[in-house]
**Q** 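Pasting a structure here, questions to come.
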Amino acid sequence: MHYLDEGPGDAPPVLMLHGNPSWSFYYRNLVLALRENHRCIVPDHIGCGLSDKPPLEDYDYCLQSRIDDLSRLMQHLQLDQGNARPITLVVHDWGGMIGMAWAVQHAEHIEKLVIMNTAAFPMPREKRLPAALALARNSRLGAWLVLRCNAFAGAAARVGFKKPVSQQVRDAYVGPYDSPANRIATLRFVQDIPLSEEDSGFDILLNTAEHLGKFSNLPCLVAWGERDFVFDQPFLDTWLKLFPQAQTIRLPDCGHYVLEDGGAELLEHIGQFIAIREDANHGQTVE
């Protein structure tokens with residue numbers, strides 16, 4: 001597992017977890033904004049970014065393995081020890097499920113939450129899996145398109161942004177997935193979406209959702225790109241029911257890659273929230 005570890009070793013730690021098909025590159029500007037006064041830990045999930053991309057016979061690419069990977073990283077960094085400084089957890093996309101599943105087992109180590117276009121609970125009843133994800137998840141054609149044509153990462157690099165980005169940035173998002181062998185994670189993440197009791201990881205999803213109340217009194221910032229066709233209004237509504245005290249930044253002109261679309265203003269909001277050492281800002285909303 002490749003990871004960034006930027007900033008003073010004794011500074012307050014900020015753990016940033018990406019989703020699919022992004023990687024630690026997604027958090028590059030937030031790291032630059034925070035690393036002077038915070039220790040920024042940003043892993044690439046196995047199969048993503050600069051981490052190893054093992055074949056299926058060597059790694060099962062399931063949710064439990066992702067949580068175990070994160071646990072081993074935190075043990076390696078000694079950030080799960082009793083005397084470790086409390087952590088600000090920043091999550092996006094699959095990072096929400098992985099990070100919150102780990103967090104409910106280590107709630108005493110979590111100080112703050114930053115939640116962006118993600119989920120850690122079952123699909124809202126009024127929501128259906130988008131057709132493009134269903135194709136990739138449930139069909140041989142979809143799997144072929146993802147593995148042979150890099151369809152998932154390629155599509156995300158087109159529709160994930162709602163504001164102009166350079167071609168270099170788009171290329172960086174697809175760069176790690178330059179061969180079928182290097183695209184296993186982008187497919188398996190989609191195939192591993194837990195939608196029902198028959199799906200691997202659904203029990204983890206339910207357990208995580210049932211224990212999110214452990215964090216209901218923590219400072220929480222929800223920053224949401226409202227033009228995300230997957231993590232849309234029903235997901236945001238669920239988070240706000242779970243954490244009614246959260247500061248909320250609604251970004252009506254931003255898409256799934258909300259840190260890219262939100263730019264310097266969003267980075268400033270997140271940086272200010274993380275820097276505050278008390279929870280005096282509960283309940284504020286920034287439009």
Side-chain angles (χ1 to χ4, degrees), residues 16-20 22 26 63 88-104 107 110 112-134 137 156 159-163 189-190 193-197 199 201-262 265-266 269-270 273 279 281-287:
M16 309 178 195
L17 299 177
H18 71 83
N20 181 40
S22 58
Y26 176 72
L63 176 57
T88 294
L89 178 61
V90 182
V91 296
H92 177 254
D93 193 87
W94 263 99
M97 187 64 250
I98 298 165
M100 297 309 296
W102 180 84
V104 298
I110 307 300
K112 292 185 178 183
L113 297 172
V114 177
I115 295 169
M116 298 178 289
N117 293 70
T118 186
F121 41 76
M123 184 89 73
R125 291 185 178 181
E126 62 270 41
K127 177 70 177 177
R128 294 292 180 268
L129 191 69
L133 290 182
R137 181 182 186 271
V159 305
F161 311 99
K162 298 305 177 184
K163 295 183 180 180
F189 263 122
V190 180
I193 296 172
L195 298 178
S196 70
E197 295 179 356
D199 294 328
F202 193 76
D203 57 335
I204 301 172
L205 176 66
L206 289 181
N207 180 71
T208 301
E210 289 171 2
H211 290 90
L212 289 176
K214 292 182 178 182
F215 311 107
S216 60
N217 292 321
L218 292 185
C220 177
L221 174 66
V222 177
W224 207 264
E226 295 189 312
R227 294 183 65 189
D228 188 333
F229 83 103
V230 178
F231 295 106
D232 52 10
Q233 190 66 42
F235 288 95
L236 174 59
D237 291 342
T238 303
W239 281 116
L240 296 183
K241 288 177 183 178
L242 288 165
F243 301 135
Q245 88 288 358
Q247 294 186 45
T248 306
I249 303 174
R250 299 174 184 266
L251 299 159
D253 57 348
C254 296
H256 181 66
Y257 287 144
V258 62
L259 272 183
E260 299 285 358
D261 285 343
E265 185 176 358
L266 177 56
H269 280 305
I270 296 174
F273 171 79
D279 57 359
N281 286 340
H282 280 192
Q284 291 186 7
T285 300
V286 178
E287 296 289 351

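All residue numbers refer to positions in the sequence shown, counting from 1. Reckoned from all heavy atoms, side chains included, excluding hydrogens, waters and symmetry mates.
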**Q** Can you measure from CG (Leu133) to CZ (Arg128) and round to the nearest 0.5 angstrom?
**A** 14.5 Å
**Q** For the residue pair Asn117 and His256, what are the closest heavy atoms and their distance?
**A** O-CE1, 4.0 Å
**Q** For residues Leu17 and Gly99, report the shortest heavy-atom separation together with the two atoms involved.
**A** CD1-CA, 3.3 Å
**Q** Using every non-hydrogen atom in the two residues, find where Pro122 and Ala209 come nearest and quote the distance to one decimal.
**A** CD-CB, 4.0 Å
**Q** Check whether any side-chain heavy atom of Met116 sits under 4.5 Å from a side-chain heavy atom of Ile270, and report yes or no.
**A** yes
**Q** Where does the angle between the aromatic ring planes of Tyr257 and His92 fall among parallel (under 30°), tilted (30 to 60°) and perpendicular (over 60°)?
**A** tilted
**Q** Would you check if Leu251 and Asp261 make a side-chain contact, meaning some heavy-atom pair closer than 4.5 Å?
**A** no
**Q** Rounded to the nearest 0.5 Å, what's the gap from CG on Asp203 to OG1 on Thr208? Could you check?
**A** 9.0 Å
**Q** Apply salt bridge (Lys or Arg N to Asp or Glu O under 4.0 Å) to Asp232 and list each qualifying residue two or more places apart in sequence or on a separate chain.
**A** Lys127
**Q** Side chains of Asp93 and Tyr26: closer than 4.5 Å at any heavy-atom pair?
**A** no
**Q** In Å, rounded to the nearest 0.5 Å, how long is the span from NE2 of His269 to CG of Leu221?
**A** 9.0 Å
**Q** Do Met100 and Leu212 make a side-chain contact, defined as non-hydrogen atoms from C-beta onward lying under 4.5 Å apart?
**A** yes
**Q** Check whether any side-chain heavy atom of Ile249 lies under 4.5 Å from a side-chain heavy atom of Leu266, and answer yes or no.
**A** yes
**Q** Is the closest side-chain heavy-atom distance between Asp199 and Arg137 below 4.5 Å?
**A** yes
**Q** Backbone N or O of Gly225 within a donor-acceptor pair of the Lys162 side chain at under 3.5 Å?
**A** no
**Q** Are the side chain of Gln245 and the backbone N or O of Ser216 linked by a donor-acceptor pair below 3.5 Å?
**A** yes
**Q** Lys214: what forms a salt bridge (Lys or Arg N to Asp or Glu O under 4.0 Å) with it, not counting sequence neighbours?
**A** none
**Q** Can you give me the closest heavy-atom contact between Leu218 and Ile110, atom names plus distance?
**A** CD1-O, 3.5 Å
**Q** Of all heavy-atom pairs between Leu242 and Phe121, which one has the smallest distance, and what is that distance?
**A** CD1-CD2, 3.8 Å
**Q** Would you say Phe215 and Val104 make side-chain contact, with heavy atoms under 4.5 Å?
**A** yes
**Q** Hey, what do you get for CZ (Arg227) to SG (Cys254), rounding to the nearest 0.5 Å?
**A** 9.0 Å
**Q** For the residue pair Phe243 and Trp239, categorise the inter-ring angle as parallel (less than 30°), tilted (30 to 60°) or perpendicular (more than 60°).
**A** parallel
**Q** So which heavy atom on Ala103 is nearest to which on Leu89, and how close?
**A** CB-CD2, 4.0 Å
**Q** Kindly compute the distance separating CD (Gln233) from CG (Leu240), expressed to the nearest 0.5 Å.
**A** 8.0 Å
**Q** Below 4.5 Å, heavy atoms only, C-beta onward: do Leu205 and Met97 meet side chain to side chain?
**A** yes
**Q** With a 3.5 Å distance limit and no angle check, can you tell me whether Trp94 reaches the backbone of Ile193 through a side-chain donor-acceptor pair?
**A** no
**Q** Within a radius of less than 6.0 Å around CD of Glu197, do more than 12 heavy atoms belonging to other residues, nucleotides or ligands occur?
**A** no
